[in-house]
Amino acid sequence: VHGRAKVGPELLEELEETLLIADVGMQTTSFILEDLKREVSQNRIRENKEVLEQLKQRMVHVLSQNQKPLSFSEHQPFVILVVGVNGSGKTTTIGKLARHWKQQGKKVLLAAGDTFRAAAIDQLQVWAERSNIPCISQKSGADLSAVAYDAVQAGMAREMDLVIIDTAGRLQTNTNLMEELKKVKRVIGKVLPGAPHETLLVLDATIGQNSISQARLFNEALEVDGLVMTKLDGTAKGGVLFNITGDLKLPVRFVGVGEKPEDLQEFIPENFVEALIP
Amino acid sequence: NLSDRLEAIYKKLKGRGVLKEPDVDEALREIRVALIEADVSLPVIKDFIAEVRVQAVGQEVLKSLTPGHQMVKIVNDHLTHLLGEEFVDIQIASKPPTIILMAGLQGSGKTTTVGKLAKRFKEKGKNCLLVPADVYRPAAIEQLHVLGRELGVAVYDAGEEKDPVAICKKSLDEAVNKMSQVVIIDTAGRQQVDDALMEELKQIKETVQPHEVLFVADAMMGQQSADIAKTFNDAVGIDGVILTKMDGDARGGAAFSIKRVTGKPIRFIGMGEKLDALEPFHPDRIVSRILG
Ligand SMILES: Nc1nc2c(ncn2[C@@H]2O[C@H](COP(=O)(O)OP(=O)(O)OP(=O)(O)O)[C@@H](O)[C@H]2O)c(=O)[nH]1
Ligand SMILES: Nc1nc2c(ncn2[C@@H]2O[C@H](COP(=O)(O)OP(=O)(O)OP(=O)(O)O)[C@@H](O)[C@H]2O)c(=O)[nH]1
Ligand SMILES: [Mg+2]
Ligand SMILES: [Mg+2]
C-alpha cells in the first residue's frame, strides 16, 4: 500500500478488502477498522504509513491478549484431547507435536481414538513408529472412551509426561458425536482428576466463517483450552482467528505450515499479522 | 435473514411501480453483506452484484410481490441460474474404461468420495478399479484398500512402485486385464501453490488421459475458493466438482465461487462420512443456504 501518501478513503476501502479476503469476516473487519476510520476522519492520522502501523498494532493486540504458552510441569501425565472437524489436520498435528516434545526430552504416549474412519488407527501408528513413540490402540469400532481410559491409565502407570488423544473428525452440528466427546472428557476426568488438561481444537486455515461456528460449538460442548490452525502454508490467511480469539478468549498454541513432521511453528501474532497485511 | 433485511429497506418505499436505482443500490449493499458472510469470494460478489443491478434497475414490480420480495426473487433466480439448473452426471466413456481423476486440497474428502463414487457405480452394474496414487500421506493407500474391501470393489496393488505417475500408468494395464469399466484414481491432497505437486498432477493427467477430472472441495471453504479452483482448472482442466461436508452448517458460498470461476458443473454433494452419503447436486437447496 502507499507509504507517505495522504490518507484517502481509497486506503480504508483497500484495507477493508484485504481483511475480508483474508477471511476476517464482515463484523470483525468493521470492528477492527472502526477506530481507525474515526481517527482518519478526525484528521488525527494523516499518512498511509501511519494507518498501516496503527492497524497492525491493533490486530496484534487482539491476537496477543489471550496468548499464553502451554505449561506441563504441574501435571503428570499432562493429558491433551485433540478435537475438530473432519480433515482439519488433527492426526498430522498430533504426529508433529509428539515428535517435537519427544525431541525436547519429554516422554509422550499417543492414543488412537479415531476408531471409526478407514485406516485412521494405522495413520497415527505410522506417525508414532516414525518417532519411536508408544501408541495405545484397540481394534476398529472400539469405543473412544475405552481407548482414552486405557491411554490415560497407561500414561499414569508408565509415568509419561504427555498423553495425546486423537479423536475422529466430526461436524460441530452433529449432536451425537459432540455427546461422545463430552462423555470421553468425563471418563478421562474419572481416571485422572483434572484431565484432560488441554482440550485442543484444530482449525483449518482454508475454511471460512464456519470456523467461528466450529469454535463456538466445540467450546460450548467441551470448554476448549487452546487452538491450532493448520494449512497456513497455503494462500488462506486464517483471518477468522481475530473473531475467535477475541470472542472466546482462546490462545493459539501452534500453527501447521505443511505436511512434514517439522512443519509446526509456535504462533506469533506479529508474524501472522505481517503475512495478512504485507 | 436477507429477506427480512430487504423488507425493512423497502418498507420506506411508498408506491410500487418500478425498482429505482437508489433503492436497488441499498438492497445490493445488504446482499453483498449476506454473500460475504456466506464465504462467496469478493471478486465473484462484485460481478454478481453488477449483473443483478443491471437486471433490477427499472424493472417493473410484479403485482403479486413487494419491492423487497422482487429483489430477493431477482437475486435468487440469478444465483440459481448461475449454479447450473439441473443435475449433470459423469459421462460414461464410449470405449471403457471411463477414467476418473480426483484432485483437491488436503483433507477435502477425496479418498472417501472415491469410495462413494465406487458404490454408486457398482449399484449401476459397473465394475470399478480404484487406484491409490497418494504415496505421501501415512496409510492413505491402506485407507483406499479398506474402502475397497468394505464395498467389494477392486483396488489396484502398486506393489513396490513409489512414483504416483508410474502407479497410474500401470493401473491402466491392470484395468484392461480386469476388464474394469471405471477407473477412479485417488491422488494426494495438494496446495494449488505447491508447484512440484501441481506438476505431478499435470503429469498424471497427461499419462492417463482421464475422461473426467473431479475437483473435490470442502463446502466450508473461505475466500480462497475462487483462486484455488481457478488454479486447479488452469493447471489440469476440471470437468466437474464435488462439494463435500454439506451435512454441516456452512453457508456454502464456495460452491458459487467455484462454479463461477471454472464454469464447470457441481455434480454431487457429500452429505456425511458413510459411503452412501453422496447426492446429486440441485441448486435450490444451496441457494437458500448461501442467501441465508
Ligand atoms: N498443507 C498442509 N497440509 C496439512 C497440514 N496439516 C495437515 N495437513 C494435511 O491435511 C490432510 C488431513 O490431515 P489429517 O491429519 O488426516 O486430518 P484429521 O483432522 O485427522 O482428519 P480426520 O481424522 O479424517 O478428521 C492430510 O493430507 C495432512 O497431510 C498443514 O499444516 N499444511
Ligand atoms: N461430515 C462429512 N465428512 C466427510 C465428508 N466427506 C469426507 N468426509 C470426512 O472428511 C475427512 C477427510 O476425508 P478424506 O477422504 O481422508 O480426505 P482426502 O481429501 O482424501 O484427504 P487427503 O488425502 O489427506 O488430502 C474424513 O474424516 C472423512 O470421513 C462429508 O461429505 N461429510
Ligand atoms: Mg484424523
Ligand atoms: Mg486422501
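Just so it is clear: chains get the letters A, B, ... in the order the sequence lines come, proteins before strands, and each one is counted from 1.
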Interface moiety of [X] toward chain A, non-hydrogen atoms closer than 4.5 Å:
| X | answer |
| --- | --- |
| B/Glu150 | neither |
| B/Arg190 | neither |
| B/Asp194 | neither |
| B/Asp249 | both |
| B/Lys46 | side chain |
| B/Leu144 | neither |

Charged N-O contact under 4.0 Å between A/Lys183 and A/Glu179: no
salt_bridge(A/Arg170, A/Glu180) N-O dist < 4.0 Å: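 Salt bridge flag = yes for A/Glu180 with A/Arg170.
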Backbone of B/Leu42 reached by a side-chain donor or acceptor of B/Gln223 within 3.5 Å: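 The answer is yes, because a donor-acceptor pair under 3.5 Å joins these two groups.
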Residue among A/Val85, A/Asp23, A/Asn174, A/Leu124 with most heavy-atom pairs under 4.5 Å to chain B: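 Ranked by contacts with chain B, first place is A/Asp23.
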Under 4.5 Å from any heavy atom of chain B - which part of A/Thr235: both
A/Thr206, part contacting chain B, at a heavy-atom distance under 4.5 Å: both
Modelled atom types, side-chain donor and acceptor of A/Ser88 and A/Asp204, under 3.5 Å: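 No, no side-chain donor-acceptor contact under 3.5 Å.
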Heavy-atom side-chain contact between B/Met220 and A/Gln214 under 4.5 Å: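 Yes, close enough: below the 4.5 Å cut-off.
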Aromatic plane relationship, A/His100 with A/Phe254 - under 30° parallel, 30 to 60° tilted, over 60° perpendicular: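 Ring orientation of A/Phe254 relative to A/His100: perpendicular.
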